[in-house]
Amino acid sequence: MGYQFEWQAAIDSIPVILTGLSATLAVTITVFLVSLPFAIAVMLARLSRFRFLRVIAYAYTELFRTLPLLIVLTWFYFVPAIGFGIRMSPFLVAVVAFTLTFTAFLTEALRGALMAIDPGQREAAMSVGMTSPQVYRRVLIPQALRYATPVIATMWVSLFRDSALVALVGVHDMLFEARTLAVVNYRPIEVLTMTGIIYFALTYPQSVMIERIFAKRRVRS
Amino acid sequence: MNMSSTTGPIVLAEDVQKSFGANRILKGVDLTVAAGEVVVLMGPSGSGKSTFLRCLNRLTDPDGGRIVVAGSVMTDPATNLPKARRRIGFVSQHFHLYPHMTVLANVMEGPRTVLRVPRQVARERGRDLLARVGLSDKEAAMPWQLSGGQQQRVAIARALAMEPTVMLFDEPTSALDPELTGEVLDTMQQLALDGLTMLIVSHEIHFASRVADRLAMFDAGCVIEEGPPERLLRSASQERTGRFLARLMSWESDLAATSR
Ligand SMILES: Nc1ncnc2c1ncn2[C@@H]1O[C@H](COP(=O)(O)OP(=O)(O)OP(=O)(O)O)[C@@H](O)[C@H]1O
Ligand SMILES: [Mg+2]
């Protein structure tokens, strides 16, 4: 009770927190770009005519959609180092753990979109003599990506927000910088509050923009 | 059109059988289409016409019988189906244009991806074909910007771009508003005049009597009667054919009356 919230400390923390923005963006963008082709590959594996590939892909997506990200992250932080003596940079640990999880969710989004495509599309493409890989490459995957775009855009926003977890494994993102500052200025409440405000200020406009773009598109098709 | 050099029929179907579960749909269909011939297939809804057409290019696998189309034995497991389908144009009721491509790109897609035709050549051929179906001004449009009749004409151009030996049409106008069927039927009539071999499932009697060299009546999984349209439409020698045609004709005149 009677805690004196110091606005000045909160405001002073802004530039320090923002030094972590580049790392936050680096993690988010890297994970997103690496996950997209992986997700397409895993989706194709799930639809493969080889049972072996289907089972592996199914097991992978189900496993990583259920495991808490925090567990995956800390597992990759400790196990390779302690178990196998493999040194991974914090950035690499973060990207590997996030990519594994994000790819699993992305795969499901893409698969859902693929299932929503009219079977007539595939038949039209087969009727001009396309082979199965050609049908996927030229007709089905481009359409699945389009249908899934609103979902994928929303997933990007969650990824940006959830990337704060990487502070735990030592990536110098915004949350990491915030915690480091709080330890020295003894103002954790001000610093954390300001960090929250910054995340909101960066995330909310993205959400609104996505909402706008896709509301327009929906009307058209 | 690249006419096959062989003199045999372009489409040969012998005793084609197909069941879905316990449901026998095709009960031994026999049909031939000679080079340059236009055959119209008619029959009641659910009698298996679409299923038969789809067996011909193997979108559906028949259970038995023999099918040869454009020189490929479609029922031979050793046949390279994608390769065989290049010579079999297929146009369905619902057009199924690629929604993520422009009209011209839809027409170029087969030649580009399947035949590896150079872009410039494919584009020129695509433009010629769009001119042929009367849609030169729409090449940059997206499919959703076109009417149903225009979409169907693009679908026809897309199939023609492969320079098929034969074209299969499955009720190409039945999903269209009545006032749009004319433009599609005119396009098809022009193809017939150009000598293209065609097998057309259609309920458009007037079109059939104008364009078909031969009419084949389909009922309950069999071809029950075939012959020149004048004879079939006049005498309707089989009772079932007669009844079906009578129903169709009265339905058509109802439509004509209401649209007037
Ligand atoms: N993939 C499928 N699985 C199960 N049953 C099917 C399938 N495709 C068609 N059928 C059934 O086969 C029968 C014949 O269908 P088909 O579409 O060939 O008839 P049609 O003569 O083309 O009729 P329409 O004039 O209405 O187009 C129908 O009873 C239909 O329900
Ligand atoms: Mg049908």
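A note on names: the letters A, B, ... follow the listed sequences, proteins ahead of strands, and every chain is numbered from 1.
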Undergrad: Heavy-atom count check: over 12 atoms from other residues, nucleotides or ligands less than 6.0 Å from A/Y199 OH?
TA: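 Counting other residues, nucleotides and ligands, OH of A/Y199 exceeds 12 neighbours.
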Undergrad: Under a 4.5 Å heavy-atom cut-off, does chain A meet the side chain of B/M101, its backbone, both or neither?
TA: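 Only the side chain of B/M101 comes within 4.5 Å of chain A.
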Undergrad: Mind checking which of residues 39-70 of chain A sit less than 4.5 Å from chain B, heavy atom to heavy atom?
TA: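 Within residues 39-70 of chain A, no residue comes under 4.5 Å from chain B.
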Undergrad: What part of B/H100 lies closer than 4.5 angstrom to a heavy atom of chain A: side chain, backbone, both or neither?
TA: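 Both backbone and side chain of B/H100 come within 4.5 Å of chain A.
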Undergrad: Any idea which of B/T113, B/N57, B/L168 has the most non-hydrogen atom pairs under 4.5 angstrom with chain A?
TA: B/T113
Undergrad: Check ring pair (Phe, Tyr, Trp, His ring centres under 6.0 Å) between A/F200 and all other residues, then give those that pass, not counting sequence neighbours.
TA: A/Y204
Undergrad: With chain B as the partner chain, list the residues of residues 117-145 of chain A whose heavy atoms fall under 4.5 Å from it, by residue number, and write 'none' if nothing qualifies.
TA: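 The list, in residue order, reads A/D118, A/G120, A/Q121, A/E123, A/A124, A/A125, A/M126, A/S127, A/V128, A/G129, A/M130, A/T131, A/Q134, A/R137, A/R138, A/V139, A/P142, A/Q143.
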Undergrad: Give, as side chain, backbone, both or neither, the part of B/L97 having an atom under 4.5 angstrom from any heavy atom of chain A.
TA: backbone
Undergrad: side-chain contact (heavy atoms from CB on, under 4.5 Å) with B/E124: which residues, sequence neighbours excluded?
TA: B/Q120
Undergrad: Please classify the contact of B/R58 with chain A as side chain, backbone, both or neither, using a heavy-atom distance under 4.5 Å.
TA: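 Contact with chain A: none, neither part.
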Undergrad: If I measure from the heavy atoms of chain A, does B/S92 come under 4.5 Å with its side chain, its backbone, both, or neither?
TA: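 When you check distances to chain A, no heavy atom of B/S92 falls under 4.5 Å.
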Undergrad: Count the heavy-atom pairs under 4.5 Å between each of B/A159, B/P99, B/G110 and chain A, then report the option with the highest count.
TA: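 The residue among B/A159, B/P99, B/G110 with the greatest pair count is B/P99.
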Undergrad: Is it the side chain or the backbone of B/L59 that comes within 4.5 Å of chain A heavy atoms, both, or neither?
TA: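 It is the side chain, since no backbone atom gets that close.
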